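Please read these numbers as outputs of a predicted model, since none were measured by experiment. By convention in this document, chain letters (A, B, ...) are assigned in the order of the sequence lines, proteins followed by strands, and residues within each chain are numbered from 1.
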Amino acid sequence: MKPPRFAYCAPQTLPELLEILSEAGDEAVVLAGGQSLLPMLNLRLAAPSHVIDLDRVPGLDRIDGANGCVEVGAMVTHRRMETDPVVAASAPLARCAAGFVGYRAIRNRGTVGGSVAHADPAAEWPIVLLALDGAVDLASVRGWRSVAAEDFFESVYTTAKRPDEVVTSLSFGSRFAHSWGFSEFQRRVGDFATVAVAVACVMESGEVAEARVAIAGVADRPVRCPEAEAALVAGSRSAASDAAAAARDSIEPISDIHGSSSFRKRLIYAETQRAALQALRANGAGADDG
Amino acid sequence: MAELSVSVNGELTAAQVDPRTLLSDYLRDHLGLTGTHVGCEHGYCGACTVLVDGASVRSCLTLAVQADGRSVDTVESLASNGELHPIQQAFKECHGLQCGFCTPGLLMSVLELAATNPGCGRDEIREHLSGNVCRCTGYHHIVDAVEAALNSVREQGDGS
């Protein structure tokens, strides 16, 4: 099908964008790369009054790496995340996860800001943000605020972003950046994850001091698994398998057309074990060959 | 209505379009470039793949206004003076198409691959083409065709 009618505007500056957003009300949507919005428009699942295109707003496509922290503008594409040297050096987990997003043509246009604002519970960026203690930066006429990834994702397609706010950038923290693992089961290359797991650890003297285990595709939002994180910190000789079992046993995953709850439990075990092994094996900056 | 000015296959086009016009419909209905095929219209099948500023995109998931000021290449840009492009020639020789519905999208995806990673092997070819669905040939002949196409592109040494 074709998109329904809407009013289109392409503001040229951030203040102009924020003004339009504050006046447009709940029925307006923001267009970033359009790789989630356009299917919804074509299928008539969305019928917004206004489509507000971010493409002309300057400054939303930068990638800044300072003090090991990487700040990525909302309009940065998945493809740039896959190929940018700053991302590869400072947030290699993000570079790895980017390659799992859709197909090449989707990655060429789809953006990180669009993905987190859309908040599909099976998407990659939300669990990367959770695993790296990241945050989502929001702007509105009322000012700026930064929301921790933990607090941002509320439910299916639902986030802490208010209707008059726009996602301007994501920040990926530095503490968890260098011991990481990522593993995803997709039925076909480019599909959304049936289950995907991101693991990141802070290492001190060769031991896991802190861990993050974030899982997509199992609930109405991306989830962290404290039980699996504790198993990694406990650090037994079989820590990866312990974490995998803890994740499997503590999460009651959803059932849908792509997999039953019991199938997803098996996937949670397998993907958590793989991601955890990769993170533990890595234990250093040369970990991006997984 | 929105003003639109976009270079298509090297020629500047300008139009007033309803903002909801998809790039695929702009190409087909406004410009008569029906080589770009429309299959699923929600980003799955890849038949509508074109290049925007050299990068493959789904023209059904791109509003025409999003291409304003940019450069679009469609399958019509490939052959010149009645000569098939080496990628088209390879698809012909390797039996890489039957009904041809998916072929324009495949050719444009391969054009991007030839420009960005012409030395890649069969696994990478398959990965790159994962977003292009073919319902009749099966993928072996297509991958054969792409291998042959990349070989001839490398032999020509111009990477395009």
TODO: Considering non-hydrogen atoms only, spot the tightest contact between P19(B) and F6(A) and give its length.
DONE: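 Scanning both residues completely, I find the closest heavy atoms to be O-CZ, 3.7 Å.
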
TODO: Identify which of E41(B), H42(B), H128(B) forms the greatest number of heavy-atom pairs closer than 4.5 Å to chain A.
DONE: E41(B)

Given side chains that start at C-beta, do those of [X] and [Y] come closer than 4.5 Å, heavy atoms only?
| X | Y | answer |
| --- | --- | --- |
| R70(B) | D55(A) | yes |
| N108(A) | E112(B) | yes |
| Q66(B) | R109(A) | yes |
| D53(A) | L63(B) | no |
| L22(B) | N42(A) | yes |
| R104(A) | T116(B) | yes |
| V57(B) | I106(A) | no |
| Y103(A) | R58(B) | yes |

Open item on the list: Does any backbone or side-chain atom of T62(B) lie under 4.5 Å from a heavy atom of chain A? Answer side chain, backbone, both or neither.
Closed with: both

- [ ] Please look at D68(B) and chain A and tell me whether the side chain, the backbone, both or neither of the residue comes under 4.5 angstrom of a heavy atom of that chain.
- [x] both

Task: Electrostatic pair D18(B)-K2(A), nearest N-O below 4.0 angstrom - done: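 The answer is no: the pair does not qualify as a salt bridge.
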
Within a reach of under 6.0 Å around [atom1] of [X], are more than 12 heavy atoms found that belong to other residues, nucleotides or ligands?
| X | atom1 | result |
| --- | --- | --- |
| H95(B) | NE2 | yes |
| Q16(B) | CD | yes |
| R44(A) | CZ | yes |

Task: Heavy-atom pairs under 4.5 Å with chain B, option from A10(A), G34(A), P4(A), G102(A) with the top count - done: P4(A)

Open item on the list: Taking side chain as everything from C-beta outward and backbone as N, CA, C, O, which of these in R79(A) sits under 4.5 Å from a heavy atom of chain B? Side chain, backbone, both or neither.
Closed with: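 R79(A) has no heavy atom closer than 4.5 Å to chain B.
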
Open item on the list: If I measure from the heavy atoms of chain B, does L31(A) come under 4.5 Å with its side chain, its backbone, both, or neither?
Closed with: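 Just the side chain, heavy atoms under 4.5 Å.
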
